[in-house]
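Here the structure is laid out as structure tokens; the discussion comes afterwards.
The sequence lines fix the lettering, A, B, ..., with proteins before strands; numbering per chain opens at 1.
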Amino acid sequence: MRRLFKAARIVRAALREIFDEAAYERFLSRTRMLSSADAYAAFCREREFGQTRKPRCC
Amino acid sequence: MNKTVSIFAWLAVGLLGAAAVGVIAVHRGEPINALWLVVAATCCYAIGYRFYSKFIAAKILALDALRATPAERLENGRDFLVTNKWVVFGHHFAAIAGPGPLVGPVLAAQFGYLPGTLWVLAGAVFAGCVQDFVLLLFSVRRDGKSLTEMAKEEIGRVGGFVAYTAVIAILVILLGVAALIVVNALKDSPWGTFTIAMTIPIALLMGLYLRRIRPGKVLEVSVLGFFLVLLAIWGGRWASLNPAMAHAFTLQGTTLAKLIISYGFAASALPVWLLLAPRDYLSTFVKLGTIALLGIGIVVLHPTLHMPALTRFVDGTGPVFAGKIFPFAFITIACGAISGFHALISSGTTPKLIARETETRMVGYGAMMAESAVAVMAIIAACVLQPGVYFAINSPAGVVGQTAITATATISSWGFPVTASDMQALAHAVGEQTLFNRTGGAPAFAVGMAHIFSQSLGGATVMALWYHFAVMFEALFILTILDAGTRVARFMIQDALGHIYKPLGRTSWYPSILATSALVVGAWGFFLWQGVKDPLGGINSLWPLFGIANQLLATVALCVATTIIIKMHRTRYAAVTLIPLAWLVAVTFTASWHKILDPNPRVGFLAQARVLATGPATNATARLIFNNRLDAAVTAVLGIMVALVLIESVRQWIGVVSGREEARVKETPFVMTRLAEERG
């Protein structure tokens, strides 16, 4: 049962990483901001450079 | 585990795998169950991962868990970040899995299920996984440098220039082909067109929701977007039944092409947060869910494959695309076996997230195995169809005839019986007006997937919903790639132009954005238009061109890998990358030669141009002749450039092996990891 929970935690962590939720949390803790429309806009601006240059395979 | 038990367990896996591959290889005459492919793939991957990747990790790469990775040394909370290995695995897989491993195997199924399956299994274990693994490790040891940077440093300026040009070329051709696949899937399909059109406002809505209502709640908004997409699929049925809506959304190929070109230009200029990012999230969400669902569906339902092991078209006369099994099966299936494009991702985001060198094995080798498994699923989805149905969907009108009667008569004469009424019933079941001449692979994959799903969930009554779900799934991928790929190519061109005139390199300068966007969209739009107007369906000439470009990029990646291995004084093991490299050189250069010079006008670009020049002239003749000559020139230029990299690499190898040149790799110096200390 413990292994199952651990696996579920890892899947959740992977999904949060893939979908940038974890990156947003790190951004908030790094910039000491609270989640808001402005904070998310700042996060999007910061990530825009990397995101638009990230190749996706065929 | 006890060593003896382990030996016997692996022996059992080996024997089971050998038996499954044996059944696949020698079975003739009667349909076989898809489970044989699943068992063969599982055993091959297990043995490849356990033994071959471990051998590479230990003997060649000497993975060092104590060496600090760039994620640790350069951690900045943004690009460089120590990340859990399973999370990196998911991230990497989501980046490498696109429509390629679904479309290529479907097209190559014209040869039968055997060639594609063997190439996907052997290609992945011995070439694709190895390429992704070693490139990932080499990039980790160079602070996450890209393939083009590594090519420039290790092979020289020629290597860097060719890698750069090959990336631009492959992007442009890929985008043109990808757009053509969408056009062919949506033409004369009001249901499909309505659904895909709806994904644009859904993505915009998601972008606004993320920005204004629930900032950062990406998983939540992806689930919401997914439900809206399901609603759009359901609404598509209504649109197809409503005469006014059906008329508005029934579009011809040329109209769809114009719309997609306009969309591509507009989307690449919109803010990322508004369209690209939310649609990327949505397509990733749908992609991961659908692949998992398809895998479960195949294992649980284990359908029967109706396609024979080998068809008569191994001789090169295939209707889907012309050309013999060698080399064309091996360039048609790229992403499921080996894809040069993966080298860009292995040397892009992923190396900056790896916590320990030892994890590159699971991420690089393992994620490519998962991608290969997706290709096996695509082979199964295509081969569960009756061969006559498969060929009716995938054959262009220029080969089988314009009407249902002539098409079914032609296909039946090949030994694959199919009737016009069968096709009409199938089209009706999936909610389409017709399924003839739907080249490109996506519709055939969608029919196969709908066939598998509808056997378990909802039966024949929901087959149309499953079909349009599959079409939406592929089109969503492709629209994301069009937008993202246009931006990536645009930035690469801006980077280069910035050396000539500084303002052109500024990514925020609007004249530069518009000019470079127009250049990139115009380039892939040209190939799309060429494909739409091609009487042979476009895929016949464009997919091989894409396959050649992709595999030539893999050739560059393997040249870089081999050069580094030799410089690391591991020459005795260089065969690990040298053999796949030799195979790819043989495949791509033979394919290039055929595509340029083959006297068969269905295969050779120049032969087709000659036939057109001597035949009756129409309004389109001059353009078709030009297109064929241009395709031949593009293939030749790519081939020459990669030959230059090969020559340059071989020169380096000889220099190092003979002792004339110093074997100096450009690795970042060793730094002891802190993670080991922290763990005690």
Practice item. Show your working on ring pair (Phe, Tyr, Trp, His ring centres under 6.0 Å) between B:Phe527 and B:Trp524 and close with a plain yes or no. Key: CA-CA 5 Å; B:Phe527 283 105; B:Trp524 66 252; over 10 Å; no
Checking heavy atoms, do the side chain of [X], its backbone, both or neither come under 4.5 Å from chain A?
X	answer
B:Phe89	neither
B:Trp86	both
B:Leu81	side chain
B:Leu175	neither

Review point. So, does B:Lys85 use its side chain to make a donor-acceptor pair with the main chain of B:Met362 at under 3.5 Å?
Key: no
Review point. Taking the side chain from B:Tyr164 and the backbone from B:Met492, do they hold a donor-acceptor pair closer than 3.5 Å?
Key: yes
Review point. Can you name the residues that form a salt bridge (Lys or Arg N to Asp or Glu O under 4.0 Å) with B:Arg214, not counting sequence neighbours?
Key: B:Glu220
Point to revise | Set of salt bridge (Lys or Arg N to Asp or Glu O under 4.0 Å) partners for A:Arg26, sequence neighbours left out | key: A:Glu17
Review point. What part of A:Ala13 is in contact with chain B, defined as an atom under 4.5 angstrom from a non-hydrogen atom: side chain, backbone, both or neither?
Key: both
Exercise for review: Against chain B, label A:Ser29 side chain, backbone, both or neither, depending on which of its atoms sit under 4.5 Å from a heavy atom there.
Suggested key: neither
Practice item. Over 60° means perpendicular and under 30° means parallel, so classify the ring planes of A:Phe19 and B:Tyr281, tilted if in between. Key: tilted
Exercise for review: For each of B:Leu219, B:Leu210, B:Leu102, tally heavy-atom pairs with chain A at distances under 4.5 Å, and name the one with the top tally.
Suggested key: B:Leu219
Practice item. Heavy-atom pairs under 4.5 Å with chain B are the metric here; pick the option from A:Ala41, A:Ser35, A:Ala23 that has the most. Key: A:Ala41
